[in-house]
Undergrad: 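What follows is a structure written as C-alpha cells; I'll ask about it next.
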There are 2 protein chains.
Amino acid sequence: MPFTHHNGPKPTPAQCYNKLNAAGDALYVIGGKWRLRIIIALAEGHKRFNEIQRAIHGISARVLSNELKELEINGFLIRKVYTDFPVSIEYELTPYSDTLSPVIESLISWGEMHRQTIMHSEKPEAIATPVLEEIL
Amino acid sequence: MPFTHHNGPKPTPAQCYNKLNAAGDALYVIGGKWRLRIIIALAEGHKRFNEIQRAIHGISARVLSNELKELEINGFLIRKVYTDFPVSIEYELTPYSDTLSPVIESLISWGEMHRQTIMHSEKPEAIATPVLEEIL
DNA sequence: CGGGATCCCATTTGATACTG
DNA sequence: CAGTATCAAATGGGATCCCG
C-alpha cells in the first residue's frame, strides 16, 4: 500500500493512528541526530571509539559515549573488550541492527536524491544542509 | 546492495563516507522529533492546524508552528488559506513529499516489527517507548 | 481558530580538563 | 586510547497572554 494520498488509496484515520504510533516507536529508538549515523558508520565493520568519532563529523566524545550506551542497551551493537596489550575496545553491530537495513537504505537513497534535487534548484543555499554547505 | 556486513559485501570506507553524507542530508531535513510524524499525519489528507496538533500526541502549538514553517520552506507541504467565512487554513502534502514514501513505509514497518519484538521479550519495560508504555 | 510574542525553566551540549 | 567530571552556554520547549 502506498503511503500518501497522492498515489494510492487514502488511509483511514485508524490506520493513520497506528502508523503514527509505529513511526513514533521507531523514531524514539533510532531517532535523534546521531544514532542512525553511528549505525551507518559501523556498518562497514567494527570500529573503536575514536574511529567512530572521526567518522562522524561533529560529535563530541561525551555525546558519542552516551549514544553508544543507549544503542547497546537497545541491542543494536555490542561493546567488545580485547584484553590483549594494549587493551582495545571495539564496537560492532548486532544481527538485530540488520533489521534496520530497509530504513537506512531508503534514507540514504532519499538523501542522495534530495541532494541532486536541491543542487539543481535555483536557490540551493536556501535549503542546504550542513553537509551540502561544504560543497556549495 | 545490502547494508551491513552481516548479509552482504562489506562497503568500502569511501562508500561509507558517502552514505554517511547522504544520511546526514536526509536526517537534517526530515530528522528531529516531529517532522516525519507531521508528514505521516498529513498523509491521510489535508488537515487544519488544530487537527494536526490533536493527531500528534504531545506537540505544542509553538513547536508545531515552527515545524510547519520549516516543512513548507523545504517543499514538503503547502499552506492553503480558504477565504470563506470563517477563514480556514489547511496544510497538505506536496507531490515532493511522496518521495519520502519508501523512507516512511520502512520506518513504519520497522516500528511495528520492533514493537512485537520487545513486547515478546523478557523485559519489555527496559526498552519500552512512550507509546508502548501506554500499553504495558 | 491559527497562530505570534514573551517569559522562564529544564535539558542538552560543547569545551576543557582529567583519569585508568 | 577510552572514556568521565565539571562547568558554562545554548537550545528546546512549556505556559501564558495576546491578537486578527
Side-chain angles (χ1 to χ4, degrees), chain A residues 20 24 27-39 41-42 44-74 76-93 129-131 133, chain B residues 13 24 27-39 41-42 44-74 76-93 129-131 133:
Chain A
L20 264 172
L27 289 172
Y28 181 77
V29 181
I30 58 174
K33 193 172 178 179
W34 304 112
R35 291 188 190 168
L36 279 177
R37 267 180 262 218
I38 293 169
I39 292 173
L42 286 174
E44 66 170 343
H46 50 83
K47 280 192 170 67
R48 311 211 307 228
F49 189 91
N50 284 346
E51 287 179 312
I52 304 172
Q53 191 177 10
R54 276 191 297 272
I56 302 175
H57 192 66
I59 192 169
S60 72
R62 200 186 44 156
V63 171
L64 177 57
S65 175
N66 291 337
E67 295 289 35
L68 287 171
K69 282 176 194 165
E70 195 70 23
L71 289 168
E72 191 182 7
I73 290 173
N74 283 288
F76 295 118
L77 58 80
I78 51 176
R79 183 178 186 269
K80 283 193 173 173
V81 181
Y82 296 95
T83 55
D84 313 328
F85 184 80
V87 173
S88 80
I89 297 168
E90 304 211 317
Y91 293 89
E92 73 178 68
L93 297 181
T129 71
V131 177
E133 280 166 10
Chain B
L27 288 172
Y28 180 77
V29 181
I30 59 174
K33 194 171 177 180
W34 304 112
R35 291 189 191 168
L36 278 177
R37 269 180 260 218
I38 293 169
I39 292 174
L42 286 175
E44 65 170 343
H46 49 84
K47 280 192 170 67
R48 313 216 310 235
F49 189 90
N50 284 345
E51 287 179 312
I52 304 172
Q53 191 176 12
R54 275 191 297 272
I56 302 174
H57 192 66
I59 192 169
S60 72
R62 197 187 48 156
V63 172
L64 178 56
S65 175
N66 291 336
E67 295 289 32
L68 287 171
K69 281 177 197 164
E70 195 69 24
L71 289 168
E72 191 182 7
I73 290 173
N74 284 287
F76 295 117
L77 58 80
I78 51 177
R79 183 177 187 269
K80 284 193 173 173
V81 181
Y82 296 95
T83 55
D84 312 329
F85 184 80
V87 173
S88 81
I89 297 169
E90 303 212 317
Y91 294 89
E92 72 178 69
L93 297 181
T129 71
V131 177
E133 279 166 10

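Sequence lines set the chain letters: A, B, ... in the order given, protein chains first and strands last, and positions in each chain run from 1. Nothing here was measured: the structure is a model prediction, and the numbers come from that model.
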Undergrad: Show me the donor-acceptor pairs within less than 3.5 Å that the side chains of residues 76-89 of chain A make with the rest of the protein, sequence neighbours left out.
TA:
residue: A/Arg79; atom: NE; partner: A/Tyr91; partner atom: OH; Å: 3.4

Undergrad: Give one of base, sugar-phosphate or nothing for B/Gly58, where a contact means two heavy atoms less than 4.0 Å apart.
TA: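 B/Gly58: backbone/sugar contact only, no base atoms under 4.0 Å.
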Undergrad: May I ask you to decide if B/Leu71's main-chain N or O and B/Arg35's side chain share a donor-acceptor pair within less than 3.5 Å?
TA: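 Not a single qualifying donor-acceptor pair exists.
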Undergrad: Under a criterion of less than 4.0 angstrom to any heavy atom of chain A, what are the 5'-terminal and 3'-terminal contacting nucleotides of DNA chain C?
TA: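 Boundary nucleotides touching chain A, in 5' to 3' order, are C/dT13 to C/dG14.
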Undergrad: Output the distance between atom CD1 (A/Ile38) and atom CD1 (A/Ile56), rounded to the nearest 0.5 Å.
TA: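 Interatomic distance, A/Ile38 CD1 to A/Ile56 CD1, rounded to 0.5 Å: 5.0 Å.
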Undergrad: By nearest nucleotide on DNA chain D, pick out whichever of B/Ser60 and A/Ser88 is the more 5' one.
TA: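 By nearest-heavy-atom nucleotide position, the 5'-most residue is A/Ser88.
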Undergrad: Quickly work out the A/Lys69 NZ to D/dA2 P distance and round it to whole Å.
TA: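 So the NZ-P distance, A/Lys69 to D/dA2, works out to 15 Å.
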Undergrad: Roughly how many Å is it from CG in B/Asn66 to P in D/dG13, rounded to a whole number?
TA: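 It is 10 Å, rounded to the nearest whole Å.
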Undergrad: Over how many whole Å does the gap from B/Arg35 atom CZ to D/dG13 atom P extend?
TA: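 Going from B/Arg35 (CZ) to D/dG13 (P), I get 11 Å.
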Undergrad: Between atom CH2 in B/Trp34 and atom P in D/dG12, what is the gap in whole Å?
TA: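 Taking CH2 of B/Trp34 and P of D/dG12, I get 14 Å after rounding.
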Undergrad: End-to-end bend of the helix from C/dC1-D/dG20 to C/dG20-D/dC1 (five-pair axes, 10° rounding)?
TA: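 Helix axis angle between the two ends: 50°.
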Undergrad: Could you tell me the separation between the CG atom of A/Asp84 and the P atom of D/dC1, rounded to a whole number of Å?
TA: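 A/Asp84 atom CG is separated from D/dC1 atom P by 17 Å.
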Undergrad: Expressed in angstrom and rounded to an integer, what is the separation of A/Glu72 atom CD from D/dG3 atom C1'?
TA: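 The answer, rounded to whole Å, is 14 Å.
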Undergrad: Whole angstrom is fine here: how far is it from NZ in B/Lys33 over to C1' in D/dG12?
TA: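 Taking atom C1' of D/dG12 as the reference, NZ of B/Lys33 is at 10 Å.
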Undergrad: Can you check the B/Leu64 CG to D/dG13 P distance for me, whole Å?
TA: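 B/Leu64 atom CG is separated from D/dG13 atom P by 13 Å.
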Undergrad: Scan A/Arg62 against the nucleic acid and name what it touches under 4.0 Å (heavy atoms): base, sugar-phosphate only, or nothing.
TA: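 Base, at least one base atom sits under 4.0 Å.
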